[in-house]
Student: 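Take this structure first; my questions come after.
Chain letters run A, B, ... following the sequence lines, proteins first and then strands; every chain starts at 1. Because only heavy atoms are used, hydrogens play no part in the values below, and waters and symmetry mates are left out as well, while side chains stay in.
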Amino acid sequence: MMDIEKKTPFKAKGTLFETFIPDNLSHRDDQMMMLTNILTNLLHTGQSSNIFCYGKTGTGKTVTTRYTADRIRFEGMKQNKNTTVVYTPAVEGTELDLYAHIGNETAGKNIIPSRGLSTQETYNRTKDILDSRNTRAIVIMEEIDKFYEKNGDDFLYQLSRINPQLKYSSLCLIGIANNLKFTEHFDPRVISSLNKEDIIFPPYNALQLQDILKQRAKIAFKTHAIEDGVINLCAALSAREHGDARRAIELLRAAGEIAEREGEEVVKIEHMKKAQNKIELDNVEEVIKTLPVQSKLILASIVFSSERGKNTLITGEVYDIYKDMAKKTGIDIITQRRATDLISELDMLGIINAHLISYGRGGRTREITTAVPVQNTKEILLQDETFHVLRDYKPMRGRNARLL
DNA sequence: CCTCCACAGGAAGCGCAGGAGT
DNA sequence: ACTCCTGCGCTTCCTGTGGAGG
């Protein structure tokens with residue numbers, strides 16, 4: 001028999017995943033109190049104001065709201081007042097998708113189709129479902145600012161006016177946003193009917209992160225399974241980059257996994273350093289792999305000509321190389337207009353940096369550089385069969401190539 | 001001060017996919 | 001089988017523009 005007692009620093013690894021909601025949240029007492037105060041009205045009067053939470057990623061907006069909403073739901077159960085929590089992860093979709101999601105989550109099954117019905121009809125059905133369930137629905141909506149940017153403020157108007165139309169139920173919207181100022185351009189009629197309260201989540205500093213990590217480490221790892229300084233390093237690395245607690249915990253977990261794989265029972269500084277590199281690469285790989293072909297090809301044209309000192313490209317150059325590569329790989333060529341959009345998307349994903357610059361008479365364009373390790377990116381792209389012919393691609397000088 | 005480059009990026013619309021209703 | 005709905009990727013056509021060179 002093999003040794004079943006395999007060496008590991010972990011005691012309860014599951015507590016280091018994003019889905020885990022801890023029993024107590026440190027450094028978010030104020031926000032939790034405000035949330036509780038507002039949401040308690042749901043149980044008292046059956047309705048409450050809508051709430052907008054602002055803060056950067058990993059500042060505890062999601063955990064805090066979900067935690068609090070859950071407690072309210074539990075409290076409601078005790079008082080025999082039916083409460084539903086609808087969690088809406090960052091929706092890629094539209095107003096229609098949002099209504100369908102709320103309706104289906106409330107119902108607990110897929111009743112409303114995501115296509116085929118008009119937006120208004122979808123809204124009506126969701127409204128009917130809500131009313132038929134006799135419930136107080138807390139709708140937590142992730143990245144509401146992004147949704148607003150894409151779809152406008154109509155959904156807010158609709159949702160804010162839903163309560164008077166409900167006889168037996170009510171809806172309370174909790175919007176979670178990164179951008180503090182996205183409400184600035186709301187239509188006045190939205191502002192007047194929305195009735196919202198704002199809660200701000202400031203980023204954690206290194207000390208607070210340390211605190212959070214220590215608490216979490218206590219339940220996740222065996223005693224003495226973490227070398228001195230590892231937590232502090234983890235907190236420092238995370239605070240410096242983003243102050244993001246979610247990623248800090250992810251980093252700690254990765255360090256533990258690396259230690260585990262190396263057959264160690266103690267997480268050491270070197271594991272933490274390796275973990276940081278790994279996480280960075282993993283994230284990039286995941287994003288690149290799931291890119292649509294055309295985006296991949298655009299990325300390829302940037303990456304495959306970013307070596308040998310020539311590391312800034314302009315849109316025209318990228319497009320020329322792209323066309324060349326498209327011919328070689330047999331992929332349909334898209335227009336430059338479309339290509340600029342894809343370049344913007346890659347920029348937003350953080351895979352490349354593209355910023356506007358003017359060369360005066362030389363025109364106005366974007367300077368593009370890679371934001372990820374070139375060699376690794378090439379390898380990831382080459383995993384795709386379609387790109388095999390590019391393996392030994394020699395960057396050509398585009399028609400628009402500038403002289404340095 | 002004006003020009004003019006090499007684009008940025010908005011607007012409209014097209015064809016298709018996926019699904020509902022009839 | 002047929003009509004109607006929306007989203008998506010894309011094209012076509014277009015107007016707008018920072019700033020070096022004239």
Student: Taking for each residue the nucleotide of DNA chain B bearing the nearest heavy atom, is the 5' side occupied by A:G363 or by A:R366?
Tutor: A:G363
Student: Using whole Å, what does the distance between atom C1' of nucleotide C:dC4 and atom CD of A:Q120 come to?
Tutor: 17 Å
Student: Does a side-chain N or O of A:T340 approach OP1 or OP2 of B:dG9 to a distance below 4.0 Å, or not?
Tutor: no
Student: Over all strands shown, is A:I112 touching base, sugar-phosphate only, or nothing at heavy-atom distances under 4.0 angstrom?
Tutor: nothing
Student: Look at the side chain of A:T119 and decide which nucleotide, out of B:dA20, B:dA6, C:dT6, has an atom nearest to it.
Tutor: C:dT6
Student: Send over the distance from A:N151 CG to C:dT6 P, rounded to a whole Å.
Tutor: 14 Å
Student: Return the value, rounded to whole Å, for the distance between atom OH of A:Y359 and atom P of C:dG18.
Tutor: 16 Å
Student: Flag the pair A:H44 / A:T40 as yes when at least one side-chain heavy-atom distance between them is below 4.5 Å, and no otherwise.
Tutor: yes
Student: Please check: side-chain N/O of A:K378 versus main-chain N/O of A:P373, any donor-acceptor pairing under 3.5 Å?
Tutor: no
Student: Of the candidate nucleotides C:dT6, B:dC7, C:dG18, which contains the atom at the shortest distance from the side chain of A:R115?
Tutor: C:dT6
Student: In whole Å, what is the span from the CD atom of A:Q336 to the P atom of C:dG9?
Tutor: 20 Å
Student: In whole angstrom, give the distance that lies between atom CG of A:D341 and atom P of C:dC8.
Tutor: 14 Å
Student: For B:dA8, does OP1 or OP2 lie under 4.0 Å from any side-chain N or O of A:T315?
Tutor: yes
Student: Report the nucleotide, chosen from B:dA8, C:dG7, C:dG21, that has the shortest atom-to-atom distance to any side-chain atom of A:R361.
Tutor: C:dG21
Student: Has the side chain of A:R337 got a donor or acceptor atom sitting under 3.5 Å from an opposite partner on the base of B:dG10?
Tutor: yes
Student: Please report the distance, rounded to the nearest Å, between CD in A:E367 and P in C:dG18.
Tutor: 17 Å
Student: Indicate, with yes or no, if the rings of A:F201 and A:Y54 have centres closer together than 6.0 Å.
Tutor: no
Student: Heavy atoms only, 4.0 Å cut-off, all strands: where does A:E121 land among base, sugar-phosphate and nothing?
Tutor: nothing
Student: Report the distance from atom CG of A:L117 to atom P of B:dG18, rounded to the nearest whole Å.
Tutor: 18 Å
Student: Does NZ or CZ of A:R125 come closer than 6.0 Å to the centre of the six-membered ring of A:Y99, within 45° of the ring's axis?
Tutor: no
Student: Tell me: CD of A:E345 to P of B:dA8, nearest whole Å?
Tutor: 14 Å
Student: Consider only side-chain N and O atoms of A:E367 and A:Y359, and report whether a donor and an acceptor are under 3.5 Å apart.
Tutor: yes
Student: Among B:dA8, C:dG18, B:dC7, which is the nearest nucleotide to the side chain of A:L356?
Tutor: B:dA8
Student: Below 4.0 angstrom from OP1 or OP2 of C:dC10, is there any side-chain N or O of A:T335?
Tutor: no
Student: Examine the base of C:dG19 for any acceptor or donor lying under 3.5 Å from a partner atom in the side chain of A:S358, and report the outcome as yes or no.
Tutor: no
Student: A:K268 pairs by side chain to side chain contact (heavy atoms under 4.5 Å, CB included) with which of A:K274, A:E227, A:E262?
Tutor: A:E227
Student: In terms of side-chain heavy atoms of A:R338, which of B:dA6, C:dC10, C:dG7 is nearest?
Tutor: C:dC10
Student: Over all strands shown, is A:I357 touching base, sugar-phosphate only, or nothing at heavy-atom distances under 4.0 angstrom?
Tutor: nothing
